[in-house]
Amino acid sequence: MTPENTTKTKWALITGGSHGIGKALAEECLKRGLNVVIVALPDVHLDTINRELKEHAPGRYHLIPVDLTAPDAIPEVERHLATLGITLTYLINNAGFGRGGLIEHTDWSEYLTMMQLNNQAMVGLTLALLPQLKKTRGSILNMSSMEATLPLPYKTVYTGTKAFVYNYSLALRQELKHYGIGVSVLCPGPVITNEDGLKRVAAMGSLAKVLVTMPADIAPMAIGNFLNNKDVIRPKFLNRAILAFASIVPRGIKMAILEKVFSKYREEDEQAVPIVEEQLIS
């Protein structure tokens with residue numbers, strides 16, 4: 001798409017905006033009159049949303065195909081924005097992924113990518129784009145999880161990354177309020193965004209089915225509360241009730257319950273992966 005005069009329109013940049021929750025958030029922003037910059041991997045999802053937006057929102061979006069875990073990703077995003085003449089008002093750090101199962105059954109390289117995407121890319125992009133947000137007195141929305149305050153066995157690294165996002169966002173909110181910049185953190189429960197999500201819900205059985213939400217159901221509430229500068233956004237009453245109950249249960253009892261609830265991950269992994277001494281040592 002060619003550069004254009006974009007100074008009169010409010011722009012929101014959404015990472016991981018080509019599918020799942022990110023796509024739903026981008027579509028909700030467009031419905032509310034914002035223009036969007038979608039940062040996502042150059043894959044079939046980006047091609048698909050490009051075709052859709054060409055038809056439904058021509059001239060109101062730009063795509064930046066980039067892997068946010070690459071060393072030059074953030075400078076690349078900055079270069080694109082400068083070329084397009086866009087000054088952002090909103091930054092939505094949505095990109096991220098998770099895995100469940102016995103900790104030793106996921107490669108270190110995947111954990112490293114998870115931490116880079118869920119945490120490092122978010123902080124780096126925020127720092128890089130902060131001058132723009134100061135100029136427009138904009139706002140930041142970071143994607144955490146209901147699990148940010150629940151240290152879940154069998155999802156150890158993922159819940160650790162989301163706890164980082166949660167605490168980082170609340171602390172950053174206090175710092176940036178002096179510049180007129182709002183910071184919100186979105187903490188949804190289980191959301192179906194891809195085939196892996198479907199498998200995880202199937203593994204958890206009836207509990208996950210009760211808690212699960214679709215991206216399109218989350219987006220209106222999420223963006224509405226974000227634009228109203230709410231600090232913590234938790235969709236779905238049942239999820240909020242579970243967190244309230246968990247906050248008053250003694251830690252030892254709570255952790256034992258969580259281990260029991262999520263032990264289905266262990267059962268699945270032990271059936272799927274042979275317990276071989278060489279595997280565990282390596």
Spacing of [X] atom [atom1] and [Y] atom [atom2] [to the nearest 0.5 Å]:
X: Leu102; Y: Tyr154; atom1: CG; atom2: OH; value: 6.5 Å
X: Arg60; Y: Leu30; atom1: CZ; atom2: CG; value: 5.0 Å
X: Lys162; Y: Leu152; atom1: NZ; atom2: CG; value: 13.0 Å
X: Thr87; Y: Lys10; atom1: OG1; atom2: NZ; value: 13.5 Å
X: Ile92; Y: Ser139; atom1: CD1; atom2: OG; value: 10.0 Å
X: Gln120; Y: Thr113; atom1: CD; atom2: OG1; value: 10.0 Å

May I ask whether Ile49 and Val44 are part of the same hydrophobic cluster, defined by side-chain heavy atoms of I, L, V, M, F, W, Y residues being less than 4.5 angstrom apart, directly or through others?
no
Out of curiosity, does Leu41 fall in the hydrophobic cluster containing Ile74 (side-chain heavy atoms, cut-off under 4.5 Å, transitive links)?
no
Side chains of [X] and [Y], heavy atoms from C-beta outward: is any pair under 4.5 Å?
X: Lys155; Y: Glu147; value: yes
X: Ile38; Y: Leu53; value: yes
X: Thr15; Y: Val77; value: no
X: Leu25; Y: Ile223; value: yes
X: Asp217; Y: Pro235; value: no
X: Leu150; Y: Thr159; value: no
X: Tyr168; Y: Val185; value: no
X: Leu176; Y: Ile140; value: yes

Between [X] and [Y], what is the shortest heavy-atom contact and its length?
X: Ala148; Y: Tyr166; answer: CB-CB, 3.7 Å
X: Thr161; Y: Met115; answer: CG2-CG, 3.9 Å
X: Arg79; Y: Glu76; answer: NH2-OE1, 2.6 Å
X: Tyr111; Y: Ile103; answer: OH-O, 2.9 Å
X: Leu127; Y: Pro131; answer: O-CD, 3.7 Å
X: Arg99; Y: Met114; answer: N-CE, 3.8 Å

Does the side chain of Arg234 come under 3.5 Å of the side chain of Asn225 through a donor N or O and an acceptor N or O?
no
Between Asn93 and Thr126, do the side chains contain a donor N or O and an acceptor N or O under 3.5 Å apart?
yes
Anything under 30° is parallel, anything over 60° is perpendicular, the rest tilted; go ahead and classify Phe226 against Tyr90.
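Rings of Phe226 and Tyr90: perpendicular, over 60°.
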Short side-chain to backbone donor-acceptor contact, [X] and [Y], under 3.5 Å:
X: Lys177; Y: Val183; answer: no
X: Asp43; Y: His45; answer: yes
X: Asn94; Y: Gly16; answer: yes
X: Thr69; Y: Leu117; answer: no

Under a 4.0 Å threshold between the charged nitrogen and the carboxylate oxygen, would Arg32 count as salt-bridged to Glu28?
yes
CA sep, side-chain torsions, deciding dist, call: Leu125, Val39, side-chain contact (heavy atoms from CB on, under 4.5 Å)
CA-CA 11 Å; Leu125 197 59; Val39 177; 5.8 Å; no
Using side-chain contact (heavy atoms from CB on, under 4.5 Å), reason through Leu129 and Leu81 one step at a time and then give a plain yes or no.
CA-CA 10 Å; Leu129 300 178; Leu81 293 175; 3.7 Å; yes
Is there a side-chain contact (heavy atoms from CB on, under 4.5 Å) between Ile233 and Leu141 once you walk through the steps?
CA-CA 10 Å; Ile233 304 168; Leu141 176 63; 4.1 Å; yes
Might you work through the side-chain contact (heavy atoms from CB on, under 4.5 Å) test for His56 and Tyr61, ending with a clear yes or no?
CA-CA 10 Å; His56 301 296; Tyr61 74 98; over 6 Å; no
